[in-house]
Amino acid sequence: MLLSPACGFWVVGACAWLLTDRTAATAWWDRAARLTPVGQLGVLVVVLLLIAASGVLAEQLARGALPVLQGYWPRALSPLRKRLVARQWKRKETWDEQWAELYAQIDEAAQTEEDGTAAVDPGLLDQLLVHEQRLTEIPGHRGQVMPTRLGNVLRAGGTRVHDKYGLDAVRCWPTLWLLLPETTRTEVAGARTELDSVAVWWTWTVLLTAWTVLTPWALLLALGSSALARTALIASAVRYADLVGAVFDVHRGLLYEALGRPRPATPQDEITAGRELTAALLRGPALAQPPLTDGGRPTGLR
């Protein structure tokens with residue numbers, strides 16, 4: 001508890017109070033020092049309870065903050081959402097063009113390399129890999145793009161599953177989760193716990209702005225720690241989305257076996273079979289028809 005973000009939040013508040021009104025802070029400390037051992041123990045218990053209660057409150061706030069950070073906003077913010085989605089899509093189109101140019105340069109260099117006249121520049125390969133990673137972090141269909149990077153990372157994890165296998169990751173995930181080996185579930189659960197923990201950390205960095213009433217330095221600390229938390233949040237989301245995608249890559253056959261449906265005979269049959277399986281989970285085998293969501297594509301991870 002003493003190393004928790006909640007404890008850090010109250011320590012920052014105490015330091016801000018000390019910087020603002022050293023006399024009052026010192027007087028309070030002197031009064032606490034003159035208390036009996038029982039009184040001091042009581043103060044310590046109250047402080048620990050305050051830290052614990054604020055930690056629980058922050059976790060609840062983080063649960064509500066994570067969807068907001070992904071871009072699931074109320075209808076009143078639709079104009080802002082549309083502008084940000086257009087910006088994200090424009091960025092993706094730019095990355096697509098840059099990737100195509102890099103690939104053409106590498107392909108040309110590879111052909112000349114066979115004649116012994118040139119070699120592929122490792123720098124171009126590095127740039128190509130960077131662009132490929134960027135493109136995996138955003139859905140390939142405009143209707144699926146979210147207004148924030150975090151939302152796109154998580155949604156792209158689900159749309160990749162649909163594009164490869166025809167499976168709706170959101171609808172299939174609860175059933176597949178029950179069928180996974182224990183080691184796989186432990187790995188995925190750890191990644192999800194990490195994502196939720198970083199979301200709590202980000203929540204605390206925002207709450208640090210409350211101490212600006214005592215000192216403006218709290219705002220600088222909040223902005224700096226919030227930027228670090230956002231970077232960690234994106235990294236955790238990428239890891240979680242990659243793991244979920246890997247689970248479908250390796251274990252999607254468990255869904256077909258558990259539901260008594262034949263596995264696709266060829267890779268070309270994957271998408272049709274996946275859509276039918278998703279429909280069976282959604283409506284039951286008798287009414288199984290490929291569902292349409294957001295233009296025929298799944299909604300992605302959350």
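As a basis for the values below, the full set of heavy atoms in this structure was taken, side chains included, without hydrogen atoms, waters or symmetry mates.
Put simply, the side chain of His141 reaches to within 4.5 Å of the side chain of Asp163, judged on heavy atoms. Two residues are said to be in side-chain contact when any heavy atoms from C-beta on lie closer than 4.5 Å; Trp95 and Val130 fail this criterion. At least one side-chain heavy atom of Arg160 sits less than 4.5 Å from a side-chain heavy atom of Thr136. Within the 4.5 Å cutoff, no side-chain heavy atoms of Gln88 are placed close to those of Met146. Side-chain contact between Val206 and Leu61 is absent, with no heavy-atom pair separated by less than 4.5 Å. At least one side-chain heavy atom of Lys164 sits less than 4.5 Å from a side-chain heavy atom of Asp249. The shortest side-chain heavy-atom distance between Asn152 and Thr148 does not fall under the 4.5 Å cut-off.
The distance from the CZ atom of Phe248 to the CG atom of Leu254 is 11.0 Å, given to the nearest 0.5 Å. One distance of note links CG of Leu195 with CG of Leu154; it measures 6.5 Å at 0.5 Å rounding. In this structure, OG1 in Thr175 is found 6.5 Å from CG in Leu259, a value given to the nearest 0.5 Å. In this structure, Leu277 CG and Arg171 CZ are separated by 12.5 Å, a value rounded to the nearest 0.5 Å. Here CG of Leu282 is found 8.5 Å from OG1 of Thr278. Values are rounded to the nearest 0.5 Å. Atoms CG and CG, from Leu233 and Leu66 in turn, are 6.5 Å apart once rounded to the nearest 0.5 Å.
Every residue meeting the ring-ring contact (aromatic ring centres under 6.0 Å, His included) condition with Trp99, not counting sequence neighbours, appears here in chain and number order: Tyr103. Applying the side chain to side chain contact (heavy atoms under 4.5 Å, CB included) rule to Leu102 yields the partners Leu124, Gln127, Leu128, His131; only residues at least two apart in sequence or on another chain are considered. In this view, Glu187 and Arg239 satisfy the salt bridge (charged side-chain N to carboxylate O under 4.0 Å, His left out) rule, not counting sequence neighbours. For Trp217, the ring-ring contact (aromatic ring centres under 6.0 Å, His included) criterion is met by no residue, not counting sequence neighbours. Applying the salt bridge (charged side-chain N to carboxylate O under 4.0 Å, His left out) criterion to Asp269, with sequence neighbours excluded, gives no partner residue. For Trp204, the ring-ring contact (aromatic ring centres under 6.0 Å, His included) partners two or more places apart in sequence, or in a different chain, are Phe9.
Thr215 places no side-chain N or O within 3.5 Å of a backbone atom of Trp211 that could act as its donor or acceptor partner. The backbone N or O of Thr209 lies less than 3.5 Å from a partner atom in the side chain of Thr212, making a donor-acceptor pair. A donor-acceptor contact shorter than 3.5 Å links the side chain of Arg155 to the backbone of Gln144.
The two residues Leu208 and Ala222 have their closest heavy-atom pair at CB-CB, 3.8 Å. Pairing each heavy atom of Gly13 with each of Leu214, the nearest pair is O-CD1, 4.0 Å. The minimum heavy-atom distance linking Trp89 with Pro139 is given by the pair CZ3-O, 4.0 Å. Of all the heavy atoms in Leu176 and Leu255, the pair that sits closest is N-CD2, 3.7 Å. Nearest heavy atoms, Val153 versus Ala241: O-CB, 3.8 Å. When every heavy atom of Trp202 is checked against every heavy atom of Ala229, the shortest pair comes out as CA-CB, 3.8 Å.
A ring-ring contact (aromatic ring centres under 6.0 Å, His included) check over residues 50-70, counting only residues at least two apart or in different chains, returns nothing. Residue pairs satisfying the salt bridge (charged side-chain N to carboxylate O under 4.0 Å, His left out) criterion with at least one member in residues 76-101, sequence neighbours excluded, are listed as follows: Lys92-Asp96. Residue pairs meeting the salt bridge (charged side-chain N to carboxylate O under 4.0 Å, His left out) criterion with at least one partner in residues 63-77, sequence neighbours excluded, do not occur; the list is empty.
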Using residues 49-56 as the side-chain source, report each donor-acceptor pair under 3.5 Å to any protein atom, sequence neighbours left out, with the distance given to one decimal.
{"residue": "Ser54", "atom": "OG", "partner": "Trp10", "partner atom": "NE1", "Å": "3.1"}
{"residue": "Ser54", "atom": "OG", "partner": "Leu50", "partner atom": "O", "Å": "3.0"}
{"residue": "Ser54", "atom": "OG", "partner": "Ile51", "partner atom": "O", "Å": "2.8"}

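In this structure, Arg252 satisfies the cation-pi test against Tyr165, with its NZ or CZ atom closer than 6.0 Å to the six-membered ring centre and inside 45 degrees of the ring normal.
Taking hydrophobic clusters as Ile, Leu, Val, Met, Phe, Trp and Tyr residues chained together by side-chain heavy-atom distances below 4.5 Å, Leu223 does not share a cluster with Leu207. Note on Val170: it does not cluster hydrophobically with Ile138, by side-chain heavy-atom contacts below 4.5 Å among ILVMFWY residues. Cluster membership for Leu228 and Ile234, using ILVMFWY side-chain heavy atoms within less than 4.5 angstrom, is shared. Note: the hydrophobic cluster containing Val38 does not contain Val46 (ILVMFWY, side chain heavy atoms under 4.5 Å, direct or indirect links).
Among Val247, Thr184, Val188, the one residue that satisfies the side-chain contact (heavy atoms from CB on, under 4.5 Å) test with Trp177 is Val188.
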- From CA spacing to verdict: salt bridge (Lys or Arg N to Asp or Glu O under 4.0 Å), Arg185, Glu182: CA-CA 5 Å; Arg185 288 201 291 179; Glu182 186 63 29; 3.1 Å; yes
- Task: Verify side-chain hydrogen bond (donor to acceptor under 3.5 Å, both in side chains) between Glu194 and Ser236, making sure each step is shown before the conclusion.
- Result: CA-CA 7 Å; Glu194 177 185 329; Ser236 298; 2.9 Å; yes
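Its side chain outside the 4.5 Å cluster rule for every partner, Ile271 clusters with none of the Ile, Leu, Val, Met, Phe, Trp and Tyr residues. Hydrophobic clustering, defined by side-chain heavy atoms of Ile, Leu, Val, Met, Phe, Trp and Tyr closer than 4.5 Å, groups Trp73 together with Val68, Leu77, Leu80, Leu84.
Counting non-hydrogen atoms of neighbouring residues, nucleotides and ligands closer than 6.0 angstrom, the CZ atom of Arg230 reaches no more than 12 such neighbours.
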